Amino acid sequence: MNGIFITLEGIDGTGKSTQASLIGKRLSLLGYRVKTTKEPGGTEIGSQIAKILLSNENRNISPKTEMFLFAADRAQHVKEFIKPFLEEGWVVVSSRYIDSTLAYQCWGHGLPLEEVKRIMAFATDNLLPHLTIVLDLEPEIALKRVRGDRLESEGLELLKKVRGGYLSLAAHNPERIKIVSAEGKPDEVLEKIWHWVLRLLEKFPALGGRR
């Protein structure tokens with residue numbers, strides 16, 4: 001790949017979409033070609049899948065069904081959006097990616113980790129981000145911020161399990177996954193993230209931009 005792939009992760013209510021937008025704007029000001037995106041729903045097909053995943057009418061969806069729907073959304077996202085822009089040398093910043101599924105479906109809902117990893121690897125053609133930022137926040141605080149779709153209303157105990165999943169993933173992938181506190185104003189959180197973004201940019205001098 002010629003570009004840079006950055007993902008933002010964390011339990012619901014940590015400000016992933018906000019930070020993806022702020023990172024994208026700052027990178028653009030520095031002269032980088034940037035695309036920001038999200039999961040689920042980063043493509044037209046994905047948006048149809050997202051309606052199923054996020055609907056409050058689907059509270060009886062099984063963890064396996066949910067996992068396969070996320071895999072389908074992600075496979076389309078990688079093929080249609082992420083890979084093409086990376087191949088052209090863009091920076092792609094996505095709110096959620098593989099680690100969301102691992103944290104929510106494995107730690108949150110008890111699906112076997114290695115099986116889900118294999119499915120996600122197949123869905124994405126083994127594409128991993130260069131940098132993953134996990135925005136960390138106490139679940140009790142995060143729960144007060146959420147808007148109430150199905151995924152955001154599953155409760156405090158689930159968020160505690162998922163947070164533990166993210167912390168475990170970071171501990172086992174320290175080169176790629178960095179934990180950043182989501183406490184503070186958006187600009188304050190951005191500065192903490194930017195430390196890691198700058199370190200990544202230094203590895204890709206051919207992409208240009210001003211540091």
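All of these numbers come straight from a predicted model, not from anything done at the bench.
The existence of a salt bridge linking R26 and E191 is confirmed by a sub-4.0 Å separation between a basic side-chain nitrogen and an acidic carboxylate oxygen. Between R96 and D12 there is a salt bridge, with a side-chain nitrogen of the basic residue lying less than 4.0 Å from a carboxylate oxygen of the acidic one. Contact check on E202 versus R199 returns no salt bridge, with no Lys/Arg side-chain nitrogen under 4.0 Å from an Asp/Glu carboxylate oxygen.
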Does the pair I23 and I133 meet the rule for a side chain to side chain contact (heavy atoms under 4.5 Å, CB included), with working shown? CA-CA 11 Å; I23 292 168; I133 299 293; 5.8 Å; no
Decide ring pair (Phe, Tyr, Trp, His ring centres under 6.0 Å) for Y97 and F5; before the verdict, give the C-alpha distance in whole Å, the side-chain angles of both, and the deciding distance to 0.1 Å. CA-CA 11 Å; Y97 190 60; F5 186 23; 4.9 Å; yes
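Looking at S95, S94, P129, S100 one by one, the single match for side chain to side chain contact (heavy atoms under 4.5 Å, CB included) with E9 turns out to be S100.
F122 and L127 are not part of a single hydrophobic cluster, where members link through side-chain heavy atoms under 4.5 Å apart. Hydrophobic cluster membership differs between V134 and I141, with clusters built from Ile, Leu, Val, Met, Phe, Trp and Tyr side chains linked at under 4.5 angstrom. Under a hydrophobic clustering in which Ile, Leu, Val, Met, Phe, Trp and Tyr are joined whenever their side-chain heavy atoms come within less than 4.5 Å, directly or via other members, L137 and I193 fall into different clusters.
The side-chain contact (heavy atoms from CB on, under 4.5 Å) test applied to I45 returns T43, I49, Q76, not counting sequence neighbours.
Counting only residues at least two apart or in different chains, side-chain hydrogen bond (donor to acceptor under 3.5 Å, both in side chains) contacts with residues 128-143 comprise T7-T132, T132-R176, D136-R163, E138-R163.
Put simply, NZ on K178 and CG on N173 are 10.5 Å apart, with the number rounded to the nearest 0.5 Å.
For NE2 of H195, the number of neighbouring non-hydrogen atoms (other residues, nucleotides, ligands) closer than 6.0 Å is greater than 12. Applying the 6.0 Å contact sphere to NZ of K79 captures no more than 12 heavy atoms from other residues, nucleotides or ligands.
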